[in-house]
Amino acid sequence: MKKTTIQHLIKKKNEGLKITALTAYDYPTAAIVDEAGVDIILVGDSLGVVVQGLDNTLPVTMDEMLYHTRIVARAAGRAMVLGDMPFLSYQPSLSEAVTNAGRFLQVGAKGVKIEGGSNVVHIIKELTKYDIPVMAHIGITPQSIHRYGGYKVQGRDEKTARKLLEEAKIVEEAGAFSLVLEGIPPELGKSITRSVSIPTIGIGAGPGCDGQILVIHDLLGLFDRFTPKFVKRYANIKATSVDAIKKYMAEVENGIFPGTEQSY
Ligand code: KIV
């Protein structure tokens, strides 16, 4: 069982092999994702929405992220675990960015993800100086929802598309080892992917990216408060769970559970 490394991801890009990535926030889910053979597990700040029931990711704290990253890292044998730096854990100062990113590595992450392009280039350079691998994230950046007025597809016109392409080259130049492209047209996803040598991981960025990532709760049908267009649901675990719990309730209510097999 070979552990996923940055070199392995770059090799996959160069060989035209797709990279798979998913989020996970707890031990059993991370163990399932790892066993399935996914390359990257991102402990995303999306946990604010799908685990904590918040409206957006802005209130998620470093302590919460570290708690989840530590337990995910414990389950991951092969997958590369990345910690998602929450709002205000890297923007205020370079020293806070280094300290907080380092804390992710100390609890078992192999790198961190930060949102932004040219506006965070100084942070990418600084973290890279400390040998902290950085995954950048451009397009829809959920920590900037108030600036953009919501989760709006980016790069639809020529000017903004050109700007995103530039941003991708800037983060690569700054030392990012990979790049999440979120919520951009598929042609732009493809052209950014062809223009940079680091692997691109798409979410709502079309099939032309080097890899894809989804939030595990969306893929498994565990979260249905809203479903972005880019989500494909591969199972309906929520419905299966409600069904199982109803069966349990009926058996308890009718004196069927526990039976002799479950009794001492
Ligand atoms: O927070 C998150 O889970 C993410 C991914 C969906 C890219 O940023």
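All ligand and atom numbering here is 1-based and tracks the order in the structure.
Counting the atoms of ligand 1 from 1 in the order shown, those under 4.0 Å from a heavy atom of Ile203 are 6 (C). Against a heavy-atom cut-off of under 4.0 Å, His137 is close to the following atoms of ligand 1: 8 (O). Residue Gly44 has at least one heavy-atom neighbour below 4.0 Å for each of these atoms of ligand 1: 1 (O), 2 (C), 3 (O). Residue contact check: Asp84 has heavy atoms under 4.0 Å from atoms 1 (O), 2 (C), 8 (O) of ligand 1.
Comment: Asp63 engages Arg103 in a salt bridge, judged by a side-chain N to carboxylate O separation of less than 4.0 angstrom. Using a 4.0 Å cut-off between charged nitrogen and carboxylate oxygen, Glu173 and Lys169 do not count as a salt-bridge pair. Salt bridge status for Glu251 with Lys247: absent, with no side-chain N to carboxylate O gap under 4.0 Å.
The protein heavy-atom contact nearest to atom 2 (C) of ligand 1 is Ser46 OG, 3.3 Å. The protein heavy-atom contact nearest to atom 8 (O) of ligand 1 is Lys113 NZ, 3.1 Å. At the top of the distance list for atom 4 (C) of ligand 1, counting protein heavy atoms only, stands Leu42 CD2, 3.6 Å.
When all heavy atoms are compared, the tightest approach of Ser178 to Met135 is OG-CE, 3.2 Å.
Not one N or O of Tyr25 is nearer than 3.5 Å to an N or O of ligand 1, by distance alone. Residue Glu182 has no nitrogen or oxygen atom sitting less than 3.5 Å from a nitrogen or oxygen atom of ligand 1, judged on distance alone. Ligand 1 has no N or O atom lying under 3.5 Å from any N or O atom of Thr23, backbone or side chain.
Of the heavy atoms in Leu214, none comes closer than 4.0 Å to ligand 1. The proximity of Glu115 to ligand 1, defined as any non-hydrogen pair under 4.0 Å, does not occur for either the backbone or the side chain.
For the residue pair Asn56/Gln143, the side-chain donor-acceptor check at 3.5 Å is not satisfied. For the residue pair Asp26 and Thr29, a side-chain donor N or O sits within less than 3.5 Å of a side-chain acceptor on the partner.
A ring-centre distance under 6.0 Å is not found for Tyr148 and Tyr151.
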Determine whether Glu126 and Lys129 satisfy the following criterion, salt bridge (charged side-chain N to carboxylate O under 4.0 Å, His left out), listing intermediate values before the conclusion.
CA-CA 5 Å; Glu126 187 73 4; Lys129 264 195 231 163; 3.0 Å; yes
